[in-house]
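Presented below is the structure to which this report refers.
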2 protein chains.
Amino acid sequence: MDIRNFKVACSNCNLKELCMPVGLSFQDIEKIDQLVETRKKVKKGDHLFHNGQKFNALYAIRTGVFKTVISSEDGREQVTGFQMAGEVMGLDGIATDTHTCDAIALEDAEICLMPFDKLEQIAHEVNALQHHVYKIMSREIVNEHNIMMLLGSMKAEEKLAAFILNISQRMKSRGFSASEINLRMSREEIGSYLGLKIETVSRTFSKLEDDGIIKINNKSLSIMDMPRLQKLISSRRDC
Amino acid sequence: MDIRNFKVACSNCNLKELCMPVGLSFQDIEKIDQLVETRKKVKKGDHLFHNGQKFNALYAIRTGVFKTVISSEDGREQVTGFQMAGEVMGLDGIATDTHTCDAIALEDAEICLMPFDKLEQIAHEVNALQHHVYKIMSREIVNEHNIMMLLGSMKAEEKLAAFILNISQRMKSRGFSASEINLRMSREEIGSYLGLKIETVSRTFSKLEDDGIIKINNKSLSIMDMPRLQKLISSRRDC
DNA sequence: CGCCGCATTGACGTTCGTCAAGTCTAGTGG
DNA sequence: CCACTAGACTTGACGAACGTCAATGCGGCG
């Protein structure tokens with residue numbers, strides 16, 4: 001891991017719409033620019049932080065994709081999410097001042113390190129930032145409710161359709177193609193995230209391909225029939 | 001729903017260890033006492049708030065048990081949690097200024113209403129409260145990660161064991177018996193929460209009873225063999 | 001070239017969902 | 001107080017969905 005100790009201005013960042021509150025005064029923007037004190041590169045496969053590690057900063061992703069994983073004593077592992085540019089990691093660490101999951105880069109990545117005490121201090125001076133932090137955390141909670149719905153009440157095909165659509169939307173909102181997607185995670189990681197075994201993930205991909213809804217070749221995924229994909233998760237068979 | 005418009009002092013509340021930050025100065029405590037402006041009674045089966053309703057307050061439970069439920073357009077429902085005294089509801093509403101789930105009382109209950117703008121204002125003046133709100137939200141995120149693990153990688157028996165132990169611990173930390181529990185939720189609600197059908201919940205309860213680990217009669221649950229119950233969720237069969 | 005990790009595919013078994021019948025309980029009204 | 005009913009719970013029989021095990025394919029890399 002290569003650490004560069006140079007300042008990065010959030011006001012110049014092309015991701016600020018994703019990360020930062022909008023409609024700030026010039027003064028406020030100046031303050032927020034002090035928030036990110038270092039940028040950090042993380043190589044594919046490397047940890048950004050570990051379960052059990054002392055918490056002292058949040059991390060905003062500039063480039064690259066991460067996964068977060070929790071593990072129990074008995075060796076069970078669960079991927080709790082895939083994070084991409086503009087998203088914030090480490091919120092779970094605030095509760096106990098200790099990170100409760102591992103964050104691992106799925107490709108070479110670059111993140112902005114925001115020391116939490118500094119964030120609290122600036123948030124104290126800039127109400128809009130304060131409110132923004134609440135919103136980010138709340139969004140995470142809402143998001144996880146949706147994953148609970150997915151894990152608790154969907155079948156394999158529905159789960160995978162929801163997963164693909166979710167990735168697709170997030171790529172689109174970042175200016176990438178919504179239908180030509182380069183998956184960064186393995187089948188096993190997808191399976192862990194969706195509560196499925198790797199074979200089921202593979203089989204379900206194959207089925208969606210046979211049905212002409214997607215094309216998948218290793219990690220490159222094309223959505224061929226978006227409407228039918230959406231139908232898979234919004235139509236229940238029971239009346 | 002019966003609304004009483006009288007002030008309640010958090011400093012006098014016997015739940016303050018659960019709700020509020022500790023180690024405050026006298027001045028800070030005075031400020032925080034202004035936070036809860038109304039107490040509200042909610043009858044069994046009534047909604048505290050609805051999905052889609054405008055968000056403007058958080059709710060701390062004084063007495064009673066609630067469930068929170070999200071539902072998708074296609075009629076799927078998922079219980080996202082059961083909340084008891086000292087726990088805070090409504091955090092999901094901050095993100096979009098709209099509640100994204102229903103909160104329903106499982107028994108007659110009493111809650112403290114904390115207007116969110118007021119909370120933000122007082123939090124601005126009292127740093128410890130500020131930090132405490134972060135902690136509460138972070139705790140919620142960590143908690144939901146654990147539920148994801150449960151939903152994603154556990155079998156029915158393990159899920160139910162984890163559920164019982166979770167309830168047991170929370171009862172204990174509130175001064176109730178850890179082994180003699182009065183469940184407030186139906187089998188169907190438990191099933192929805194755990195990603196199981198009602199019949200599976202019932203069967204699994206019966207199996208745990210046959211094994212001598214619990215006794216269950218309708219809604220009254222006794223834990224007969226705590227160690228074995230704990231073993232169910234911490235021992236994996238694979239090496 | 002050969003190895004290794006990842007992915008796919010098939011055959012089979014287990015778990016859990018589905019359907020259906022029957023029991024128990026609490027609440028209601030006579 | 002009892003009878004009646006609706007809703008919640010239990011139990012059994014069966015089948016579908018998914019996990020497990022195993023064989024095979026495929027692409028990347030030393």
Checklist outcome for this item: Whole-Å distance, A:Lys197 NZ to C:dT8 P, equals 17 Å
Item to check | First encountered from the 5' end of DNA chain D, between A:Ala156 and A:Asn218 | outcome: A:Ala156
Checklist entry - What is the distance from CE of B:Met154 to P of C:dC16, rounded to the nearest Å? => result 13 Å
Checklist entry - How would you list, by chain and number, every residue that makes a side-chain hydrogen bond (donor to acceptor under 3.5 Å, both in side chains) with A:Asp211, sequence neighbours excluded? => result A:Lys207
Checklist entry - Contact class for B:Gly191 (heavy atom, under 4.0 Å): base, sugar-phosphate, or nothing? => result nothing
Checklist entry - Got a salt bridge between A:Glu87 and A:Arg174, using NZ or NE/NH1/NH2 to carboxylate O under 4.0 Å? => result yes
Checklist entry - Do B:Arg187 side-chain and C:dT25 base share a donor-acceptor contact under 3.5 Å? => result no
Checklist entry - Within less than 4.0 Å of OP1 or OP2 of C:dC16, is there a side-chain N or O belonging to B:Lys155? => result no
Checklist entry - Nearest-Å distance, CG (A:Leu196) to P (C:dT15)? => result 18 Å
Next on the checklist: My understanding is that only one of A:Val79, A:Ile70, A:Asn51 makes a side-chain contact (heavy atoms from CB on, under 4.5 Å) with A:Cys101; could you say which?
Outcome noted: A:Ile70
Checklist entry - Do the two ring centres, one from B:Phe49 and one from B:Tyr59, sit under 6.0 Å apart? => result yes
Checklist entry - So, is A:Ser202 near the phosphate of C:dT9, with a side-chain N or O under 4.0 Å from OP1 or OP2? => result no
Checklist entry - Tell me: CG of A:Leu183 to P of C:dC6, nearest whole Å? => result 16 Å
Checklist outcome for this item: In whole angstroms, the gap separating P of C:dT8 from CZ of A:Arg203 amounts to 11 Å
Item to check | Side chains of A:Ser222 and A:Glu180, donor plus acceptor under 3.5 Å | outcome: yes
Next on the checklist: Can you measure A:Asn217 atom CG to C:dA7 atom P for me and round it to whole angstrom units?
Outcome noted: 12 Å
Checklist entry - Quick check: does any side chain N or O of A:Ser71 sit under 3.5 Å from a backbone N or O of A:Arg76, one acting as donor and the other as acceptor? => result no
Next on the checklist: Below the 4.0 Å mark, does C:dG17 have OP1 or OP2 next to a side-chain nitrogen or oxygen of B:Thr200?
Outcome noted: yes
Checklist entry - Of A:Val201 and B:Ser186, whose nearest nucleotide on DNA chain D comes first from the 5' end? => result B:Ser186
Checklist entry - B:Ile216 CD1 to C:dC24 P: how many Å, rounded? => result 16 Å
Next on the checklist: I'd like the 5' and 3' limits of the part of DNA chain D contacted by chain B, with heavy-atom contacts below 4.0 Å.
Outcome noted: D:dC9 to D:dA13
Next on the checklist: Need one value for A:Lys219: base, sugar-phosphate or nothing, where a base atom within 4.0 Å counts as base even if backbone is also close, heavy atoms only.
Outcome noted: sugar-phosphate
Item to check | Listed partners of A:Arg184 passing salt bridge (charged side-chain N to carboxylate O under 4.0 Å, His left out), at least two apart | outcome: A:Glu107
Item to check | Atom-pair distance (CD on B:Glu199; P on C:dA20), nearest Å | outcome: 12 Å
